[in-house]
Amino acid sequence: MIQFEHVHKTYRTATSEVAAISDLSLSINEGEFIAVRGPSGCGKSTLLSLAGGLVLPTQGRIVIDGQPVSEMTAAQRSAFRGEKIGFVFQMFHLLPYLNIMENVVVAGSEVASATAGERAETLLSDFGLRDRLTHRPGELSAGERQRVALARALLNRPRLLLADEPTGNLDPENASGVLELLAQFHKQGGTILLVTHHDRAAAYADRSLALDQGRLVESGVVETTT
Ligand code: ADP
């Protein structure tokens with residue numbers, strides 16, 4: 001689905017250069033659930049941004065669905081993201097003045113807009129929020145807010161979910177709830193790239209990658225302890 005071939009990403013500012021990703025080669029297969037781990041600043045978020053075509057590599061090649069990202073226009077990359085990728089973040093990024101239905105529907109692509117309301121309601125109900133549709137994010141717990149963010153990410157039926165520390169702000173019980181929903185998406189054939197610090201979260205993955213200072217230092221099949 002996505003291939004990284006000797007990818008480097010260097011951020012350049014007026015006074016400094018930071019090598020966020022160095023010589024990273026990686027193949028993400030359709031239907032895989034991959035956990036990405038490593039200390040703060042090792043390049044995990046940059047890896048997700050590269051996989052989503054949000055930033056371009058400084059060197060090397062990224063091929064998404066057979067098409068090199070560097071040969072796509074910004075509009076093509078944006079369309080690809082809208083149709084095929086869902087994003088979830090640690091801080092939820094919900095819009096505070098919209099209710100949760102509106103927060104989910106707002107992600108609808110033009111094609112999906114006719115049925116977006118129906119799908120949003122189904123997703124939110126499946127995620128245990130049927131009675132909260134008209135509530136604003138501020139009236140919900142952190143776990144509930146992350147479930148809304150996940151419903152938003154899944155609205156357009158993406159094939160790939162990019163999740164940056166989605167359980168980082170949740171207590172263990174709510175974290176498990178969110179991880180179960182990710183596992184459900186994976187069981188239905190979805191591909192997931194999950195950045196996490198939690199062993200428990202990584203245990204849901206098929207494969208675990210470890211980054212250190214922008215380099216891939218470990219890649220292996222996750223041993224399940226059940
Ligand atoms: P992680 O997600 O593992 O914490 P990041 O991918 O956010 O790591 O960052 C990797 C490195 O790149 C860090 O040293 C960070 O400070 C730097 N970095 C990230 N984004 C930028 C940016 N837009 N400009 C300059 N440096 C950046």
Side-chain angles (χ1 to χ4, degrees), residues 1-28 32-64 68-70 72-74 77-78 80-81 84-94 142 145-146 149-150 152-153 158 160-170 174-175 178-179 182 185-186 190-220 222:
M1 185 178 204
I2 302 180
Q3 281 81 39
F4 283 67
E5 298 168 6
H6 299 288
V7 168
H8 295 252
K9 174 66 194 176
T10 302
Y11 294 108
R12 295 196 170 90
T13 64
T15 51
S16 69
E17 274 196 2
V18 180
I21 292 289
S22 302
D23 196 23
L24 186 135
S25 294
L26 171 69
S27 194
I28 300 168
E32 261 196 307
F33 187 159
I34 300 180
V36 184
R37 314 172 73 187
S40 188
C42 70
K44 303 182 296 298
S45 298
T46 302
L47 178 66
L48 283 197
S49 301
L50 287 164
L54 289 168
V55 298
L56 295 174
T58 320
Q59 249 187 74
R61 230 162 74 107
I62 297 178
V63 181
I64 300 180
V69 167
S70 56
M72 291 163 85
T73 62
R77 280 189 280 126
S78 166
F80 177 86
R81 271 195 302 277
K84 299 191 177 155
I85 304 183
F87 292 88
V88 196
F89 308 94
Q90 179 172 359
M91 302 302 286
F92 326 125
H93 296 312
L94 298 173
R145 274 183 258 170
Q146 193 58 299
L150 192 56
R152 178 184 58 191
L160 172 66
L161 195 61
L162 298 175
D164 200 346
E165 290 271 11
T167 58
N169 269 350
L170 305 184
N174 276 303
V178 166
L179 290 168
L182 294 183
F185 171 74
H186 176 227
T191 309
I192 304 179
L193 201 54
L194 165 71
V195 165
T196 185
H197 283 298
H198 295 146
D199 289 350
R200 217 151 41 88
Y204 280 80
D206 304 318
R207 189 150 61 109
S208 174
L209 308 176
L211 290 178
D212 188 24
Q213 295 186 14
R215 292 184 185 276
L216 195 57
V217 289
E218 201 186 296
S219 171
V222 173

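In each ligand, atom 1 is the first atom listed, and ligand 1 is the first ligand listed.
Proximity of a side-chain donor or acceptor of Lys9 to a complementary backbone N or O of Leu56 within less than 3.5 Å is detected.
Listed by first and then second residue, the side chain to side chain donor-acceptor pair (under 3.5 Å) pairs that reach into residues 45-59 are Tyr11-Thr46, Ser45-Asp164, sequence neighbours excluded.
Distances between N or O atoms of Ser45 and those of ligand 1 include at least one value under 3.5 Å.
Protein heavy atom in closest approach to atom 25 (C) of ligand 1: Tyr11 CB, 3.3 Å. Among protein heavy atoms, the minimum distance from atom 4 (O) of ligand 1 is reached at Gly41 N, 2.7 Å. Atom 17 (C) of ligand 1 has its closest protein heavy atom at Val18 CG1, 3.8 Å. Scanning the protein for heavy atoms near atom 8 (O) of ligand 1, the closest one is Gly43 N, 3.2 Å.
Close contacts between ligand 1 and Lys44 involve ligand atoms 1 (P), 2 (O), 3 (O), 4 (O), 6 (O), 8 (O) [criterion: under 4.0 Å to a heavy atom]. Within ligand 1, the atoms closer than 4.0 Å to a non-hydrogen atom of Ala20 are 10 (C), 11 (C), 12 (O), numbered from 1 in the order shown.
Between Phe89 and His93, the ring planes are perpendicular. Angles over 60° get that label, and only those under 30° would be called parallel.
Within the structure, the closest approach of Pro39 to ligand 1 falls below 4.0 Å when heavy atoms are considered. Residue contacts with ligand 1 include Ser40, since one of its heavy atoms falls under 4.0 Å from the ligand.
Within 6.0 Å of the CZ atom in Arg215, the count of heavy atoms belonging to other residues, nucleotides or ligands does not exceed 12.
Listed by chain and number, the residues in a salt bridge (Lys or Arg N to Asp or Glu O under 4.0 Å) with Glu165 amount to none (sequence neighbours excluded).
If you run side-chain contact (heavy atoms from CB on, under 4.5 Å) between Arg37 and each of Val195, Leu211, Asp199, Leu194, only Asp199 comes through.
Atoms CZ and CZ, from Phe87 and Arg81 in turn, are 6.0 Å apart once rounded to the nearest 0.5 Å. Taken from CZ in Arg145 to CE in Met91, the straight-line distance is 9.0 Å, to the nearest 0.5 Å.
The protein reaches atom 20 (N) of ligand 1 closely, with a heavy atom under 4.0 angstrom from it. Checking atom 15 (C) of ligand 1 against the protein gives no heavy-atom contact under 4.0 Å.
In Thr46, the parts holding a heavy atom less than 4.0 Å from any atom of ligand 1 are both the side chain and the backbone.
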